[in-house]
Amino acid sequence: MIDTREQTATASQTAAICENIALYGASPERGEIDSREVWDEDDATEALAEAIRIMVDGITVDGTQMADEREALLWSIVNCFHAQIGRLDRAVDRIVPEMKDLETAQDGTEVKAWELQLLTARAQNLGDRRDAFERLRDTAAGAYLAETNDVWRPRNGSHTSKSGALTSAAIDARDYRRARKEREISSHLPDGTLVAVTGGKEVADPGAVWSVLDRTRAKHGNMVLVHGGAPGIETVAAKWAEARSVDQVIVRPDWKAHGRAAPFRRNDEMLDLLPKGIVAWPGSGITDNLVDKARQMGIPVMTATP
């Protein structure tokens, strides 16, 4: 009689391993190419939408004090994905120089070729993960817009979308200047006629602001909006740009570096971009400072009525 107890136990252990691999995937060993799927986009997007629904309807319920925290919490959710995108971008940036070194060091041996193949696959995987988080960020940004009636923007840095889910890119002025200086503006960075806007915090008629910007865009079909991201006129202009799929360059004042002089230094940085023209609404002395300096530089200024 054949004892099948050991065979059964062995089969059960193997079956358990196979089942776990089928359910959870097999992680690659060091030195192996990762062949796992990056993600399940439909499931991930649905899970995120459900999480946001719970945040809105279950935690920040209308009629409660917690409702006052809704905008901040939703902003943080979007920013969480945005920060992950930045981390993955930096990881790829660290790999690229090593890839170039390996390309130079290729000597026809299988070892060198395999090392380059592994590193290339690693960079591709990180890039794919980055794009997945970008899709999730853009989905969360859409929910932020729906719940707050405001466009999500990072407090610092740029906001672009390689996937095309965003209607416009919002590029930090430092990133824009760096790209232009290097003469290597990427395809997802704004490239067109720069038109700056400035004005005060009070906006009596947002529709009138949109009309002025529509007429300005009619003159410059490839218009790129330049603004400081301040409340009031500039926020209305940013919403117009998002709705019209117009790219933006945001020149924020650096309060930490320049203190009270930050808005005036911001004006200088904005003019350093050499915009084609400036559309100005009435505002504070900071607005007047920008207009005066622009005229001294020969940059046309159009004064809009409030």
Apart from Val61 itself, which Ile, Leu, Val, Met, Phe, Trp or Tyr residues share its cluster (side-chain heavy atoms under 4.5 Å, direct or through members)?
none
Return the set of residues passing side-chain hydrogen bond (donor to acceptor under 3.5 Å, both in side chains) with Glu98 (not counting sequence neighbours), or none when no residue passes.
none
To the nearest 0.5 Å, how far apart are CD1 in Ile286 and CG in Asn267?
7.0 Å
How far apart are the closest heavy atoms of Val92 and Ala123, and which atoms are they?
CG2-O, 4.1 Å
Value rounded to 0.5 Å, distance of CG in Leu126 from CD1 in Ile95
5.0 Å
Any side-chain heavy atom of Val301 within less than 4.5 Å of one from Leu290?
no
Could you work out, with salt bridge (charged side-chain N to carboxylate O under 4.0 Å, His left out) as the rule, every residue matching Lys276, not counting sequence neighbours?
none
Applying side-chain hydrogen bond (donor to acceptor under 3.5 Å, both in side chains), name anything that partners Arg215, two or more places apart in sequence or on another chain.
none
Using side-chain hydrogen bond (donor to acceptor under 3.5 Å, both in side chains) as the criterion, list what pairs up with Glu69, not counting sequence neighbours.
none
Using the salt bridge (charged side-chain N to carboxylate O under 4.0 Å, His left out) criterion, which residues pair with Asp40? Sequence neighbours excluded.
none
Do you see a donor-acceptor pair shorter than 3.5 Å between the side chains of Asp214 and Trp240?
yes
Following the transitive rule for hydrophobic clusters with a side-chain heavy-atom cut-off under 4.5 Å over Ile, Leu, Val, Met, Phe, Trp and Tyr, establish whether Ile54 and Val56 coincide in one cluster.
no
Sorted by chain and number, sequence neighbours left out, side chain to side chain contact (heavy atoms under 4.5 Å, CB included) with Thr120 holds for Met99, Leu116
Where the side chain of Ser211 meets the backbone of Gly207, is there a donor-acceptor pair that is under 3.5 Å apart?
yes
Applying salt bridge (charged side-chain N to carboxylate O under 4.0 Å, His left out) to Asp292 and not counting sequence neighbours gives none
Spacing of Gln84 atom CD and Leu136 atom CG [to the nearest 0.5 Å]
10.5 Å
Compile the donor-acceptor pairs under 3.5 Å between side chains in residues 218-228 and protein atoms, sequence neighbours left out, one pair per line.
| residue | atom | partner | partner atom | Å |
| --- | --- | --- | --- | --- |
| Asn222 | OD1 | Thr193 | OG1 | 2.9 |
| His227 | ND1 | Gly229 | N | 2.9 |
| His227 | NE2 | Gln248 | OE1 | 2.9 |

Find out whether Lys239 and Glu242 are in side-chain contact, i.e. whether some heavy atom of one side chain is under 4.5 Å from a heavy atom of the other.
no
In chain order, what residues pass the side-chain hydrogen bond (donor to acceptor under 3.5 Å, both in side chains) check against Gln65, with sequence neighbours excluded?
none
More than 12 heavy atoms of other groups within 6.0 Å of Arg217 CZ
yes
Any side-chain heavy-atom pair of Asp268 and Arg265 under 4.5 Å
yes
Report whether Ile52 and Met66 are members of the same hydrophobic cluster (ILVMFWY, side-chain heavy atoms less than 4.5 Å apart, transitive linking).
yes
Does a salt bridge link Asp89 with Arg130, judged by any charged N lying under 4.0 Å from a carboxylate O?
yes
With sequence neighbours excluded, what pairs up with Asp93 under the salt bridge (charged side-chain N to carboxylate O under 4.0 Å, His left out) test?
none
Using atom types as modelled and distance alone, determine if a side-chain donor or acceptor of Trp152 lies under 3.5 Å from a backbone N or O of Asp138.
no
If you measure from the Lys or Arg side-chain nitrogens to the Asp or Glu carboxylate oxygens, is any gap between Glu234 and Arg252 under 4.0 Å?
no
Salt bridge (charged side-chain N to carboxylate O under 4.0 Å, His left out): pairs with one or both residues in residues 41-50, sequence neighbours excluded
Glu41-Arg135, Glu50-Arg53
Could you check if a side-chain atom of Phe264 sits within less than 4.5 angstrom of a side-chain atom of Pro253, using non-hydrogen atoms only?
no
Between Trp39 and Phe81, is there shared hydrophobic-cluster membership here, with clusters defined by ILVMFWY side-chain heavy atoms closer than 4.5 Å?
yes
Residue pair Asp34, Asn125: steps toward the side-chain hydrogen bond (donor to acceptor under 3.5 Å, both in side chains) verdict
CA-CA 8 Å; Asp34 193 342; Asn125 290 342; 4.8 Å; no
Got more than 12 heavy atoms from elsewhere within 6.0 Å of CZ, Arg70?
yes
Please tell me whether Leu48 and Val38 are part of a single hydrophobic cluster in this structure, the criterion being side-chain heavy atoms less than 4.5 Å apart.
yes
